[in-house]
Each structure stands twice: as structure tokens, then as C-alpha cells.
Amino acid sequence: MKKKRVFVAGHKGMVGSAIIRQLSCRNDVELIVKDRTELDLLDQKAVDTFFAVHDIDEVYLAAAKVGGIHANNTFPAEFIYENLMMECNIIHSAHRHGVQNLLFLGSSCIYPKLADQPMTETALLTGELESTNEPYAIAKIAGIKLCESYNRQYGRNYRSVMPTNLYGMNDNFHPDNSHVIPALMRRFHEAKVNKDSEVIVWGTGTPMREFLYVDDMAAASIHVMELSDDTYHSCTQPMLSHINVGTGVDCTIREMAETMAKVIGFKGSVSFDSTKPDGTPRKLMDVSRLADLGWMFTTDLEGGLTKTYQWFLENQNSFRN
Ligand code: GFB
């Protein structure tokens, strides 16, 4: 049997590495990966040459410049520029060299800041975006529209999945630039080790977030990529081709911090620094379209935090900052 040649862009990142873990068990897949020193995804010519010489059947576009609320707010230029460039380079060159199947990974921040909850796929472009991550969101919306445009004009099969807030092994645990789960995991762990009596959590603790464990995201991505055309199109429309991925369950940042303290074994108090931004008040995904397509998450928050903390303990000495 001829194996399909699958390129995972961003294979060292949290989601890309999870996709690799799952696809590497398959005997019908030949994985193709390139690290940053071998292929700069911001370099249009290099990306085009890569697609010209490799006979790729499928692309998972999991490469992205990502970060939490502070990083998005501090480095808006890099967030919009790098994401737009990677998407344009990969999607256009994939098309130029005949790649028929591609899955683009976006983000729930594509939806308006005050979208009705839970947010359906149809909420896209119906209102103003959250200001702390607008440049990143615009780049991700452009990615969806690139896929839709190549499908409409050239009959490509470029699909998009919009994950809710993700976490898990291989996340970025930087104290300031990371997302809330890795940031708090590190802070609670260090407080436990140092026997501190208090941990400070940014914002008011009242925003609500939905969290999905990265192995579930990888499984959902592969599921959507491998749906037959008929099944996929039964739940999407030509001009609305993205699919939400999440649990459909959310909690406040305060509740998540309490679960984190329990998983880590931190016995002190938790306080809130309301001088730090809260971001979007709530962004709960409507995941009924994905459920209709036959997929549901399996890892709940406490279980996912426990697995992630185990990985953190085994790998914290290799963190660069
Ligand atoms: O994870 P986070 O940065 O992502 O923040 P967003 C979520 C919530 O946790 C916000 C609060 O209300 C933060 O104020 N929070 C509390 C903290 N303590 C901390 C902390 O120590 N670090 C961080 N980072 N947050 C991101 C977007 O927004 O969501 C990205 O900026 C992306 O573009 C991502 O879409 C999924 O959910 O606010």
C-alpha cells in the first residue's frame, strides 16, 4: 500500500508534536517534518522550493506564532506578520504544487469579543474583536479565508479547525508570555517548592474559559482531516468551512486556579491582580457541528492538568526561561 506523505508544519510546537505522536503510530502515513534551521516558514521562496521537491499529499498547518494575553498585547506586530506570512506561504505553495488536502489550525479568538455564547461557527465576522489579540485574530481569520478561497476557485480541500484554549505537554511555560494554564502551573509549583503562602493570578478571576487537552486537539484535527468529502460538507457550507473544537464546558479563571492548586498540592491562598487585563469575558465554543461529525473530547480539566503537571515535573529542567 502506498503511504500518504503528510507534512506537519510546526511539529515541535504543542499541537504539532501531539499530531506527530498520533500519526507516527500509523502504517499508512509517511511523516515529513522540517525544523526551523532546515526550513524557515517565513521565507516564501524556501517554502515554495520545499513543496516543489517533496511530493506531499496532506498538510497539517499547526505552525503559528502563539502566546497568552500579555504576549499578544506586547508583540502585536510579530503576531500578525509571522502568522500571515506562514499561512500565505504554506497555503499558496501547497496549492501551486498540487496538494489537495490541508488542515489549518486557527483559534477561538476569531469570534467577536461579545459574541453570543456558546459561539457558533456563524459568529465569524459579526462584530468587533477582543483588542488584546486582534492582530493575531485577524491573521487567523485570513487563514480561514485563504482556505475557503482556494477551495472555491481551485476546488481544493482545505479545511479549518478552530480550537478553544489549549494546554498540555510541550506548552510554553514562560512566566509572562505563556497562556494562563502553563503560567499558573509554573507559579503554583514554584510557590509550593518555596513554601510561599500566596499565589497571584492576573485579572479579576471572573473571565470564563474553555480548556482542551492537546491530545484531544490532535485527535480532533486528524478526525476532521480524514472525514470523507460528503460527511464534511454535510456539516459545513462552501463559505463557512471552519469547525469549532472544544469541550463545550467552561469555568472561571478562579475555578481553574483552584483546580490547579489541588492538582499541584499548593495549600496557600490565591489572590487576584485586577490591574492586569481580563481579555474576553467569555468564549465558550458551540461544538455541536463537530459532535455531528462524530467527535468528542475525552480528557477533562483535572485529568489534563494532572498529565500536564507530570510532564512539567519531568521536563522543567530543560525550559530555556
Ligand atoms: O491564557 P490567556 O493568556 O488567554 O488568559 P486568553 C486567559 C485568562 O487568564 C485572562 C488570566 O483573563 C488572563 O488575565 N490569567 C490569570 C492569566 N493569570 C494569568 C497568567 O499568569 N498568565 C496569563 N497568560 N493569563 C489568548 C489570546 O487569550 O487566547 C491568544 O491572547 C489565543 O490570541 C489564546 O487566542 C487561545 O484566552 O485571554
Side-chain angles (χ1 to χ4, degrees), residues 13-15 62 64-80 82-84 105-115 117 119 124 129-144 161-168 171-191 198-214 217 242 244-247 250-261 264 266 270-285 301 304-305 308:
M14 179 173 67
V15 184
K65 168 86 177 166
V66 297
I69 192 166
H70 174 74
N72 270 269
N73 231 353
T74 312
F75 310 111
E78 277 81 10
F79 275 81
I80 191 163
E82 292 188 20
N83 285 303
L84 281 174
L105 280 82
S107 166
S108 61
C109 69
I110 59 160
Y111 295 120
K113 177 185 174 94
L114 301 176
Q117 305 289 317
M119 303 181 299
L124 184 64
L129 297 165
E130 154 63 25
S131 60
T132 53
N133 56 35
E134 188 187 72
Y136 176 77
I138 297 268
K140 290 295 185 182
I141 294 169
I144 297 173
V161 280
M162 298 300 122
T164 187
N165 288 37
L166 303 173
Y167 69 99
D171 207 342
N172 166 20
F173 289 82
H174 188 281
D176 300 320
N177 294 334
S178 58
H179 290 100
V180 62
I181 285 189
L184 292 192
M185 185 165 284
R186 185 167 176 168
R187 210 172 296 151
F188 276 101
H189 172 75
E190 289 174 357
E198 182 190 47
V199 162
I200 296 173
V201 173
W202 296 354
T204 59
T206 57
M208 300 194 72
R209 292 291 183 275
E210 175 189 2
F211 297 104
L212 182 71
Y213 186 60
V214 68
M217 180 60 205
H242 56 288
N244 292 343
V245 184
T247 62
D250 63 355
C251 64
T252 63
I253 293 298
R254 177 187 288 274
E255 287 164 341
M256 188 277 285
E258 287 165 0
T259 309
M260 181 74 81
I264 289 181
F266 172 74
V270 176
S271 60
F272 293 88
D273 175 2
S274 57
T275 64
K276 293 280 198 301
D278 270 341
T280 301
R282 192 177 189 198
K283 44 177 172 175
L284 177 64
M285 294 291 218
L301 182 61
L305 290 179
T308 308

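If you're wondering where the values come from, they're calculated on a predicted model, not measured in any experiment. Indexing begins at 1, ligand by ligand and atom by atom, following the structure's order.
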- [ ] Please indicate whether Arg186 has more than 12 foreign heavy atoms, meaning atoms of other residues, nucleotides or ligands, lying under 6.0 Å from its CZ.
- [x] yes
TODO: Please write down residue, atom name and distance for the protein heavy atom closest to atom 4 (O) of ligand 1.
DONE: Asn165 ND2, 3.8 Å
Task: Thr204 to Ser274 - nearest heavy-atom pair and separation - done: CG2-CB, 4.1 Å
Task: Top protein contact for atom 35 (O) of ligand 1, by heavy-atom distance - done: Ser107 OG, 2.9 Å
Open item on the list: Rounded at 0.5 Å granularity, tell me how far CD in Glu210 sits from NZ in Lys283.
Closed with: 10.0 Å
Open item on the list: Among Arg186, Glu130, Arg187, which one puts a heavy atom closest to atom 21 (O) of ligand 1?
Closed with: Arg187
Open item on the list: At less than 4.0 angstrom from any non-hydrogen atom of Val201, what atoms of ligand 1 do you find?
Closed with: 16 (C), 18 (N)
Task: Distance in Å, Thr247 OG1 paired with Leu284 CG, rounded so as to fall on 0.5 Å steps - done: 7.0 Å
Open item on the list: Under a 4.0 angstrom heavy-atom cut-off, which atoms of ligand 1 come close to Ile253?
Closed with: 8 (C), 9 (O)
- [ ] Output the distance between atom CD1 (Ile141) and atom CG (Asn83), rounded to the nearest 0.5 Å.
- [x] 12.5 Å
Open item on the list: For the CE atom of Met119 and the CG atom of Leu124, what is their distance to the nearest 0.5 Å?
Closed with: 11.0 Å
Task: Which of the ligand 1 atoms, numbered from 1, are nearer than 4.0 Å to a heavy atom of Gly67 - done: 30 (C)
Open item on the list: Could you identify the single nearest non-hydrogen protein atom to atom 13 (C) of ligand 1 and state the distance to 0.1 Å?
Closed with: Pro277 O, 3.9 Å
Open item on the list: Regarding atom 25 (N) of ligand 1: of the candidates Val199, Ile110, Val180, Asn83, which has the closest heavy atom?
Closed with: Val180
Open item on the list: Distance under 4.0 Å to a non-hydrogen atom of Pro207: what atoms of ligand 1 satisfy this?
Closed with: 12 (O)
- [ ] Note the single closest protein heavy atom to atom 27 (C) of ligand 1, along with its residue, its atom name and the distance in Å.
- [x] Asn133 ND2, 3.1 Å
TODO: Output the distance between atom CG (Asp171) and atom CE (Met185), rounded to the nearest 0.5 Å.
DONE: 9.0 Å
TODO: Between His179, Arg209, His174, Arg254, flag the one that comes closest to atom 6 (P) of ligand 1 by a heavy atom.
DONE: Arg209
Open item on the list: Looking at non-hydrogen atoms alone, which of Ala183, Ala71, Ser178, Gly203 comes nearest to atom 24 (N) of ligand 1?
Closed with: Ser178
Open item on the list: Out of Val66, Asn73, Asn72, who is nearest to atom 31 (O) of ligand 1 when you count heavy atoms only?
Closed with: Asn72
TODO: Return yes if some donor-acceptor pair links the side-chain N/O of Lys140 with the main-chain N/O of Leu105 below 3.5 Å, else return no.
DONE: yes
Open item on the list: Tell me whether Gly68 reaches ligand 1 (any heavy atom closer than 4.0 angstrom to a ligand atom).
Closed with: yes
Task: Numbering as shown, the atoms of ligand 1 that approach Cys109 to under 4.0 Å (heavy-atom distance) - done: 33 (O), 35 (O)
Task: Identity and distance of the protein heavy atom lying nearest atom 3 (O) of ligand 1 - done: Ile69 N, 2.7 Å
Task: Identity and distance of the protein heavy atom lying nearest atom 10 (C) of ligand 1 - done: Asp278 O, 3.3 Å
- [ ] Drop me the distance from Tyr136's OH to Ile110's CD1, to the nearest 0.5 angstrom.
- [x] 10.5 Å
Task: Closest non-hydrogen atom pair between Thr308 and Tyr213, with its separation - done: OG1-CE1, 3.5 Å
TODO: Of the side chain and backbone of Tyr136, name the one, both, or neither that has a heavy atom under 4.0 Å from an atom of ligand 1.
DONE: side chain
TODO: Report the member of Lys283, Lys140, Met208, His70 with the shortest heavy-atom distance to atom 28 (O) of ligand 1.
DONE: Lys283
Open item on the list: What protein heavy atom lies closest to atom 16 (C) of ligand 1? Include the residue and the distance to one decimal.
Closed with: Trp202 O, 3.1 Å
